[in-house]
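A quick write-up on the structure given underneath.
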Protein chains: 2
Amino acid sequence: MNLELTKDTIKVACSNCNLRELCMPIGLDQADMQKLDEVVATRRQVKQGELLFRSGEEFKSLFAIRTGFFKTSVATPEGLEQVMGFQMAGEIIGLDGIVTDQYTCNAVALEDADVCVMPFSNVEELSREFPVLQRHVHKVMSREIVRENSMMMMIGNMRSEERLAVFLLNLVQRLHARGFSQSEIILRMSREDIASYLGMKLETVSRAFTKLSDEGVIEVKQRYVGILDLQALKKIVNPRACD
Amino acid sequence: MNLELTKDTIKVACSNCNLRELCMPIGLDQADMQKLDEVVATRRQVKQGELLFRSGEEFKSLFAIRTGFFKTSVATPEGLEQVMGFQMAGEIIGLDGIVTDQYTCNAVALEDADVCVMPFSNVEELSREFPVLQRHVHKVMSREIVRENSMMMMIGNMRSEERLAVFLLNLVQRLHARGFSQSEIILRMSREDIASYLGMKLETVSRAFTKLSDEGVIEVKQRYVGILDLQALKKIVNPRACD
DNA sequence: AAATTGCCTTGATATATATCAAAAGATATT
DNA sequence: AATATCTTTTGATATATATCAAGGCAATTT
């Protein structure tokens with residue numbers, strides 16, 4: 001494997017990574033796990049505001065986020081930015097590049113980040129050898145398809161307040177799965193980013209925040225969001241089911 | 001391979017299929033092609049209005065459409081239907097089922113259809129043996145991710161007329177790639193289906209049709225749509241570029 | 001042929017969100 | 001500390017689309 005070490009690229013082993021439950025297939029023995037360490041060629045650091053990859057750039061690798069927070073987006077024909085998603089530790093980005101051998105998105109770090117570079121040739125090679133990795137890769141891609149399905153549903157059917165509620169619920173759920181609070185969020189993205197992601201305008205996002213805040217469902221102070229009433233938030237999304 | 005033949009299931013070889021350029025990897029020799037015939041276990045016929053699979057059903061197989069036209073959709077919490085896509089000959093459906101081992105969509109035939117049943121275990125097994133198939137599967141999934149990206153962009157940013165224009169352009173383009181007219185479409189779906197897919201209401205779709213028709217860009221007679229001015233239709237989507 | 005049904009179109013009105021504009025808070029700069 | 005810059009909030013108004021309601025058109029049934 002071509003392993004070039006610079007000050008920006010530090011090799012780490014997936015087998016020792018505390019995120020392996022998120023990134024890697026489960027149920028591997030130590031020996032296999034060590035073989036799978038080879039998917040990752042290098043690590044790369046991305047400072048806040050910097051691009052991990054840009055639309056049109058040649059696709060070579062998938063990236064597993066170790067730390068940090070990313071935004072993926074594309075430019076619309078009119079020159080606006082459409083946010084496609086927000087990604088955090090343990091998540092894989094770059095899947096959009098496979099089909100045309102070019103990334104279609106820009107991926108920008110919303111906070112200092114550290115990613116594992118997984119050359120796609122490594123992924124494919126090891127996938128052939130390890131069915132469990134193969135299955136894992138397929139699931140990761142399928143999950144992204146399903147996620148986008150539900151985004152389409154949301155943008156097509158929900159009102160602004162509901163969309164914001166879904167957005168916040170999804171964020172806390174993912175953060176909580178990573179050991180963070182299930183009731184507090186520090187937003188890494190601007191209101192404008194949220195607006196684009198949810199298919200609305202930033203003013204509408206702001207008003208939706210204010211509304212939820214006035215209703216006592218959440219507490220908002222800049223980019224801090226506290227979930228005061230989780231049930232109420234869920235009820236906004238789905239008034240029927242009161243789980 | 002478990003190959004049960006009933007009156008509904010007829011085995012065919014991909015190597016002789018006239019859709020192989022759409023479904024299968026390109027650049028295979030005859031021998032490899034015949035090996036890959038094994039991805040397809042059986043064929044299945046689906047009558048208009050019938051389901052190929054339903055949400056919640058156990059995921060076993062992907063399906064390659066040989067003939068016919070499908071709609072995939074999910075039910076919203078409020079009991080409405082959200083259309084996720086329309087699929088035609090040469091396209092693969094069922095990818096959403098991989099992640100949870102259950103299909104998340106309903107797939108209903110909008111006209112009598114004939115599909116190749118590809119047990120996912122076959123797909124994975126042969127993918128390990130044939131890197132070119134492996135790559136193909138990855139591209140198919142990545143393409144779906146990118147397609148949904150652009151749907152999100154469209155629903156989030158475009159106005160009703162633009163959305164309808166994109167929809168029609170996409171349809172003719174795909175139909176033309178399959179040897180059909182590049183200026184005439186027989187819509188297989190209702191106005192309501194289109195509305196759901198595009199994130200609008202059926203009345204709005206109807207008005208958008210009328211508008212485009214009044215402007216002389218298209219000709220509409222029920223489910224027949226004639227493209228009278230392709231350039232104008234493209235210009236509605238992207239006023240800047242006049243390609 | 002008349003009647004039923006389903007789908008589509010059209011019209012009138014309501015409403016959610018966008019747009020335009022300004023002020024208020026933060027953050028960074030000098 | 002004061003100034004400038006950027007982000008967010010809030011208000012007033014405009015507008016695109018949704019909603020409600022009725023009528024038209026085709027296909028199917030009786």
Side-chain angles (χ1 to χ4, degrees), chain A residues 47-49 71 76 78 80-83 108 110-111 153-168 185-215 218-226 236-237, chain B residues 48-49 71 76 78-83 108 110-111 154-168 185-215 218-226 236:
Chain A
K47 288 271 169 221
Q48 182 168 24
K71 165 180 86 172
T76 69
E78 302 84 43
L80 299 169
E81 181 188 41
Q82 169 66 43
V83 174
V108 57
L110 294 186
E111 65 180 18
M153 206 202 76
M154 180 164 94
I155 297 177
N157 291 305
M158 290 183 171
R159 284 162 315 99
S160 59
E161 223 181 314
E162 297 176 299
R163 294 185 209 183
L164 184 60
V166 170
F167 171 74
L168 294 173
I185 315 172
I186 304 293
L187 298 172
R188 253 67 234 214
M189 70 295 285
S190 68
R191 299 289 191 265
E192 178 140 37
D193 286 336
I194 299 172
S196 170
Y197 181 60
L198 298 178
M200 42 209 255
K201 296 290 156 185
L202 78 99
E203 294 95 329
T204 310
V205 170
S206 180
R207 284 183 237 269
F209 268 115
T210 306
K211 184 114 184 288
L212 290 179
S213 184
D214 288 350
E215 290 166 354
I218 61 173
E219 188 192 350
V220 187
K221 212 176 280 169
Q222 300 297 119
R223 296 197 171 182
Y224 164 86
V225 179
I236 285 166
V237 177
Chain B
Q48 183 169 22
K71 166 180 86 173
T76 69
E78 301 84 42
L80 298 169
E81 182 187 42
Q82 170 66 43
V83 175
V108 56
L110 295 185
E111 65 180 18
M154 179 163 95
I155 298 178
N157 292 306
M158 292 183 171
R159 285 164 312 103
S160 60
E161 225 181 314
E162 298 175 299
R163 294 185 209 183
L164 184 60
V166 170
F167 172 73
L168 293 174
I185 314 173
I186 303 293
L187 298 171
R188 252 68 231 212
M189 71 295 284
S190 69
R191 299 291 191 264
E192 179 140 36
D193 286 335
I194 298 172
S196 170
Y197 181 60
L198 297 178
M200 38 207 261
K201 296 290 156 183
L202 78 99
E203 295 95 330
T204 311
V205 170
S206 180
R207 284 184 237 269
F209 268 116
T210 307
K211 185 113 183 289
L212 290 178
S213 183
D214 288 351
E215 290 166 355
I218 61 173
E219 188 192 349
V220 187
K221 211 176 280 170
Q222 300 295 120
R223 296 199 172 180
Y224 164 87
V225 178
I236 285 167

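Within every chain, numbering begins at 1; the chains are lettered A, B, ... in the order of the sequence lines, protein sequences first and strands thereafter.
A/E162 has its CD atom 11 Å from the P atom of C/dA16, to the nearest Å. Rounded to a whole Å, the CE atom of A/M200 is 14 Å from the P atom of D/dT8. Distance CG (A/L202) to C1' (C/dT17): 13 Å, rounded to an integer number of Å. Rounding to whole angstrom units, NZ of residue A/K211 and P of D/dT10 are separated by 14 Å. Atom CG of A/D214 and atom P of D/dG11 are 10 Å apart (whole Å). In this structure, B/F209 atom CZ and C/dT10 atom P are separated by 12 Å, rounded to whole Å. For A/R207 and D/dT8, the CZ to P distance is 15 Å, given to the nearest whole Å. Across the protein-nucleic acid pair, A/N157 atom CG and C/dT17 atom P stand 13 Å apart, rounded to whole Å.
Using a 4.0 Å heavy-atom cutoff across all strands shown, A/S160 reaches sugar-phosphate atoms only and no base atom. Note on B/R223: only backbone sugar-phosphate atoms sit closer than 4.0 angstrom, heavy atoms only; bases stay farther off. Base contact: B/E203 has a heavy atom under 4.0 Å from a base atom. Note on A/S190: only backbone sugar-phosphate atoms sit closer than 4.0 angstrom, heavy atoms only; bases stay farther off.
With hydrogens and angles left out, the side chain of A/R159 and the base of D/dT17 share no donor-acceptor pair within 3.5 Å. Remark: the B/R191 side chain and the C/dT10 base include no donor-acceptor N/O pair separated by less than 3.5 Å.
Annotation: the span from A/L164 atom CG to A/T204 atom OG1 amounts to 11.0 Å, rounded to 0.5 Å. Atom CZ of B/R163 sits about 7.5 Å away from atom CE of B/M154, to the nearest 0.5 Å.
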**OP:** For the pair A/K211 and A/E215, evaluate salt bridge (charged side-chain N to carboxylate O under 4.0 Å, His left out) and give the outcome as yes or no after the intermediate values.
**Re:** CA-CA 6 Å; A/K211 184 114 184 288; A/E215 290 166 354; 3.6 Å; yes
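Along DNA chain C, the nucleotide closest to A/E161 and the one closest to A/K221 are compared, and the more 5′ of them pairs with A/E161.
Among the nucleotides D/dT19, D/dT9, C/dA18, the one closest to the side chain of A/T210 is D/dT9.
Within 6.0 Å of atom CD in B/E192, 12 or fewer heavy atoms from other residues, nucleotides or ligands are found, so the atom counts as exposed in its surroundings.
Among B/R188, B/M189, B/E81, the single residue meeting the side chain to side chain contact (heavy atoms under 4.5 Å, CB included) criterion with B/K71 is B/E81.
A sub-4.0 Å separation between OP1 or OP2 of D/dA18 and a side-chain N or O of B/T204 is present.
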